[in-house]
Amino acid sequence: MHHFIDRRANPKGKSLGNRQRFLRRARENIKERVDQSVRGKSIQSGSGVPDEGEKVTIPTRGLKEPRFFHSSKGGLRRHVLPGNKDFVVGDTIKRPQGGAGEGGRKASEDGDGEDEFSFTLTQEEYLEILFDGLELPDLVEKATVETETIGTRRAGLTTAGTPNNLNLVRTMRNSLGRRIALQRPTTKSQRDLEEQIAELEALEERTPPQEAFLEELKKRLEGIIRKRKVVGYIDPLDLRYDTFVPEKIRNSRAVVFCLMDVSGSMQEREKDLAKRFFLLLHLFLERCYEHTELVFVRHTHHAQEVDEETFFYARETGGTIVSTALEKMKEIIEERYPPDEWNIYGAQASDGENFGNDSVRCKNLLLKELLPVSQFYAYVEIVDEAAEMLLNNPEAGEDLWQNYREVKEQAQHFEMQRVSQPGHIYPIFREFFLPKVKGAQNAGS
Amino acid sequence: MQAVRKARKPLFDGPEWTFELMEKARDAIEKIALGDLGLDVYPNQIEIISAEQMLDAYSCVGLPLMYQHWSFGKHFARDETLYRTGRQGLAYEIVINSNPCISYNMEENTMAMQTLVMAHAAFGHNHFFKNNYLFQQWTDASGIHDYLAFAKNYIAACEERYGLSAVEEVLDAAHALQSQGVFRYGRPPKPTNEELVAMQKVREGYESGQSVLDIWTDSTMGRDTLEEVEDASFSARRKLMNLPQENVLYFLEKHSPVLEAWQCEILRIVRMLAQYLYPQKQTKVMNEGCATFVHYYIINKLYEQGQITEGAYMEMLHSHTNVVMQPEYDDPRYSGINPYALGFAMMQDIRRICEDPTEEDREWFPDFAGDPDWRKVLRDAWANYRDESFIQQFLSPHLIRKFKLFTLTNDADLPNLVVSQIHNRAGYKAIRRDLAKQYDLAYLEPDIQVTDADLRGDRELKLTHTVRDGIHLDEEDQDEVLKHLRRLWGYDVSLDAVETSSEN
C-alpha cells in the first residue's frame, strides 16, 4: 500500500539540461560580465578562477518571462490587512512612496522586478565563456606537437575470452533467448511433475487408470530431465566477453615561458599588468593542452629562473639587458623541453627599455633560435598611463620596440602590443588569439 | 490538552531517522489519520531526497519530471544562490498530487521533523488532493506521471528534430500565456462527431507510427480547416471557434493559421500543465490549512498517547509555531497574509464552533454551530470549497477580531488611503467579502479573452481585456507578451481594454 523510497543516491544534476539552456540563453549577458570581471580581477595566486566557481551578476534583459498581470498603479483596490491597532473607519493614511499599495505586483510570481540576477558559474563554465571563440594561434610553421602513449579502449564483444572479462548481461540474455527458443522445460514444470508422481506413489492402492497415468507421468518426467540436460541453462554458445584493444592515445603538453624585466623601472603597477597577461595565457593554454607547465624567467642585466612568488614579488636592482632572458629561455628549452615533445609558448613583458644595442641581439635570438621552436611568442610592452602617443602609434617606440617590429614582419606567430592599464589586457589577449583571416595576415609579409 | 505525561513507549528517541523508525511513525500516524480523523488518502510513496534534489524539484514547479527549458535553469540558479548563501531555507517537504501520492522529505530533517512532515504532507495534503472537488474534477492524479513523461520525451524529440531555438521560441511564448491557458469557467468544447471519427482514424494510423513525434495527439484534432471557417459570418464564426474564448492557448492550438502540428502540441502540453496546477493556486489557504490542522491534531494525539517524547513534541511545536506565524501589517516581516496562518486558524475555528459555540457563532453559522461531529464538518468543507468560497462561508467574526483585520481602500482618485472597514459589527461582512475576493483568481488574474479572428479578412486576432475597478495591465510586460502572441498567431494581434465597474 505505502512505501518509502531512498532517492538520495539518484544521479545528481537532473537540471543540468536546464542550466545549459539557461547559459545558452543568457550567453550575451554573461559574456559581458565575465569579460569585465577578468579585467578588474586582482590576481593573488597562480589561477584567477577559484575551483568552486565564480559568482557573476548579470542584467536580466532577455531573461524576463513576461506575463499579463495587473499594473500596480491606478484603479480602485481593497486590501485586507491583519493587526489593526487604533484605526477607525474613515481614517486616512498617506499613500506609501511610489504609489503602490501593499500587495502590488502580486502577479509577478518570480520576482522578475529585479534588474540584476546573481548566480555562480563553475570554473569550467567561466573559462568556457571567457575564452569563447578564441583558438590557438594560427600555427603556420609548426603543427601542434603531440606525443603518443598506449592505452586500451573497449571494442565490443567476442565469443572467447578470459573469465574476468565475461559480460554477464549479454551472456544471460543469450542464454534466456536460447532457452526460450529451444523450449527448455522450467524447473517449476519438473517440480510439479515430481510432486504429482510423489502424490500418486504415496497412494497405497492405485486403480489401473491411475497406474497408467503414473507411468505416463514418469515418462514425461524422464523426457523433461533429458531435455533439461541436453539444453543447458548456460551453454558455451551463450558466452560473451568484453574485449579491449590497445590504442594510441595522443597527449599534448605545453610549456609557457614567462619572461619579465624586473629592473628598477618595473614597479608594482607594471608587474601587476604583466601578471594578468601571463595568467590569461596560462588559463587559456591549460584548456587547450592536457598538461601545461610554467617557467618563470626574470631578468635585469642577467637572467635567472625563479619560482612564481619570487618572480612577482621579489625586488631586484640592476641594469636591463633583455637578451639575457632570451638566452636563458633557449638554455632551458635545450635542457628540459625538447621541441618535438613540447609545445613552447613565450610571453614577454617589459617596459621597453633596453641596454645599448642589445635589442638587435634580441631580434636575432628570436628569429634564429626561439621562434623556430615556438608555437607562439607574445610581447607586451607596458607603458605609462600618460603615454597615449605611444599607445596610438605603433610606429613610435624605442630600440626594443623597433627591433621587435622587424621580427613581427618576418614571423607570423609573433605578436606585440602595448598596454597601460588593466582594462587593456583582456582585449589585447583576445586580439592575439582570435581566429585570423589568412589573407590579412599574409599581407604584411 | 491533558496534563504532561511521560512518554511511555515512544516511537523514537533521538534526532536521527532511519527507515524502520519512519515506518513505525507512519503506521502510528495512519492509525490516527484514518481511524480518528476519518481521512481518505491515496497510497503514499514517501521519498527521501537530498538538498540538491530538493532544489531540482523547486525549479521544476515541484513536479517529478519536467521538460527542459532555460527558465527552470534560471530559477534553479537563483534558488541555489539564495540557499548557498543562507538567505533562504529549503522546504521540509514537497508533495505531488498524484496516485500514489508522492511526497519528498529532505534527508536533513530530524526524526521529529520527518514525523511532522509525514502527518502534514502524506496525510493532510494527500487527503485534500483526493477529496477536494476541484482536484477531482480537473486533475487526473493517476495519469499525471505518464503525461509528464510523454511531455518530456515529446519536447526532447522536438528539440532534436527542429532545433533548440525553434522549440525554445514556442515554449517562451506559451509560458508567457500560461495564466491564459486555463479554463476557468467551463470545460473545453467537446469534439464533434466528425472529429471523433477523424481521431479514430489518426489513432489507427498511429499504431504504425515510428517516432514519438508522429504520435496521435489531441492538439491536431478539431483544428479548423481554413475553408470551413473562412466563409462564416461573424456570428457563425463565433460559434465555430467557440468565441469568446478565455483559454488563449487553447484557441491558438486549434485555430492559429501558422503553427505546425508539433508547435500546437507544445502549446497543449503547457496548457495541460497549467490546468493541472490551477486547482492548487485556487486552494492555497485551504490546502495548507487542512494539512496544518491534520499535523497539529496528530502530533498532539501522539503526544497524549505517549508515543513521542517531550523533546520531540517541543521540536514539532516550535516548527509548527513558526509556520503559522502571522506578522501584523506594520511588522517589517509582513508580506501579505500567511496562508498557513489563516488556513490553520480557520480549521481550528470551525472545530471550536462545533464544540463550543457562542451565541454569535450560532447566529452566523446555524448550519453547523454545535454540531457534535466536527470531523465531518471539516471534511465537508475540505471537499466542497475553494479559498474564495471557503472564506466567504466560514470566516467568523471571532477570527476577524483575532486577526484584527481591517480593509484599506486604495482609490487612485483620492490623495490618501482610506480605512474603510475595521473588525466591528458593521465591518464583519464587508471584510469577509473583501478578503474572499483577495483569493479569487478570476479577480486577481487579468480577464483576457479572444473575441474575434476574421480568417478571411485581415486575420487580426482580437483580444479583449475586461478592466475591473480601473485596474489596467502592466504595460511593459503586456507589450512583451503581445510580441509572443504575434509570433504564435502569425498575423496582427490587438488587445482592447473594456472598462466595467464591479458592483458593491
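Letters A, B, ... are given to chains in the order of the sequence lines, protein chains preceding strands, and every chain is numbered from 1.
Smallest separation of non-hydrogen atoms from Pro82(A) and Gln326(B): CG-NE2, 3.7 Å. For the pair Leu76(A) and Ile471(B), the tightest heavy-atom approach, listed with the atom from each and the gap, is O-CD1, 3.7 Å. Closest heavy-atom contact between Gln45(B) and Ile5(A): NE2-CD1, 3.1 Å. Here the shortest heavy-atom pairing between Asn18(A) and Gln68(B) reads OD1-CA, 3.1 Å.
In this structure, chain A has a heavy atom under 4.5 Å from the backbone of His472(B), while its side chain stays farther away. Contacts between Met66(B) and chain A at a heavy-atom distance below 4.5 Å are absent for every atom of the residue. Neither the backbone nor the side chain of Ile102(B) comes within less than 4.5 Å of any heavy atom of chain A. Neither the backbone nor the side chain of Tyr104(B) comes within contact range of chain A; no heavy atoms are under 4.5 Å apart. Only the side chain of Leu495(B) has a heavy atom closer than 4.5 Å to any heavy atom of chain A. For Asn338(B), no part lies near chain A; criterion is any non-hydrogen pair under 4.5 Å. Contacts of Ile49(B) with chain A are made by both backbone and side-chain atoms, with heavy-atom separations under 4.5 Å. Using a 4.5 Å cut-off between heavy atoms, Arg25(A) touches chain B through its side chain atoms alone.
A salt bridge links Glu159(B) with Arg21(A): the closest approach of a Lys/Arg side-chain nitrogen to an acidic carboxylate oxygen falls below 4.0 angstrom. Between Asp330(B) and Lys85(A) there is a salt bridge, with a side-chain nitrogen of the basic residue lying less than 4.0 Å from a carboxylate oxygen of the acidic one. The pair Glu476(B)-Lys64(A) counts as a salt bridge, with a side-chain nitrogen and a carboxylate oxygen less than 4.0 angstrom apart.
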Do Arg67(A) and Glu480(B) pass the salt bridge (charged side-chain N to carboxylate O under 4.0 Å, His left out) test, and can you show the C-alpha distance, the side-chain angles, and the key distance before you say yes or no?
-> CA-CA 8 Å; Arg67(A) 300 278 144 89; Glu480(B) 289 299 312; over 6 Å; no
Assess whether side-chain contact (heavy atoms from CB on, under 4.5 Å) is satisfied between Phe69(A) and Asp477(B), documenting all intermediate values.
-> CA-CA 8 Å; Phe69(A) 61 83; Asp477(B) 267 48; 3.2 Å; yes
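Every residue meeting the side chain to side chain contact (heavy atoms under 4.5 Å, CB included) condition with Val418(B), not counting sequence neighbours, appears here in chain and number order: Thr92(A), Leu414(B). Annotation: side chain to side chain contact (heavy atoms under 4.5 Å, CB included) contacts of Lys404(B) (sequence neighbours excluded): Asn84(A), Glu328(B), His423(B).
Using bins of under 30°, 30° to 60° and over 60° for the plane-to-plane angle, the ring pair Phe22(A)/Trp70(B) lands in the parallel bin.
With Phe68(A) as the partner, the side chain to side chain contact (heavy atoms under 4.5 Å, CB included) test is satisfied by one option alone out of Gln178(B), Glu445(B), His465(B), Gln478(B): Gln478(B).
Counting heavy-atom pairs closer than 4.5 Å to chain A, the top-ranked of the candidates Leu435(B), Leu482(B), Asn105(B) is Leu435(B). Contacts with chain A were tallied for Ile337(B), Asp331(B), Leu164(B); Leu164(B) has the most, counting heavy-atom pairs under 4.5 Å. Counting heavy-atom pairs closer than 4.5 Å to chain A, the top residue among Ser165(B), Cys101(B), Ala122(B) is Ser165(B). Of the listed residues Asn424(B), Asn416(B), Leu342(B), Ile431(B), the one with more heavy-atom pairs under 4.5 angstrom with chain A than any other is Asn416(B). Heavy-atom pairs under 4.5 Å with chain A were tallied for Glu168(B), Gln421(B), Glu475(B); the largest tally goes to Glu168(B).
Side-chain atoms of Met118(B) and Phe4(A), non-hydrogen and from C-beta on, do get closer than 4.5 Å to each other. Between Ile48(B) and Arg7(A) there is no side-chain heavy-atom pair separated by less than 4.5 Å. In this structure, Phe87(A) and Leu408(B) have side chains that are not in contact, with every pair of non-hydrogen atoms separated by 4.5 Å or more. For the pair Phe406(B)/Val80(A), no side-chain contact is recorded, criterion being any heavy-atom separation below 4.5 Å from C-beta on. For the pair Arg78(A)/Asn410(B), no side-chain contact is recorded, criterion being any heavy-atom separation below 4.5 Å from C-beta on. Considering only heavy atoms from C-beta on, Phe19(B) comes within 4.5 Å of Asp6(A) through its side chain. Side-chain contact between Arg26(B) and His3(A): absent, with no pair of heavy atoms (C-beta onward) separated by less than 4.5 Å.
How far OG of Ser71(B) is from CD of Glu65(A): 4.5 Å, rounded to the nearest 0.5 Å. Separation of atoms OG (Ser71(A)) and CG (Leu473(B)) is listed at 8.5 Å; rounding is to 0.5 Å.
No more than 12 heavy atoms of other residues, nucleotides or ligands sit less than 6.0 Å from atom CZ of Arg170(A).
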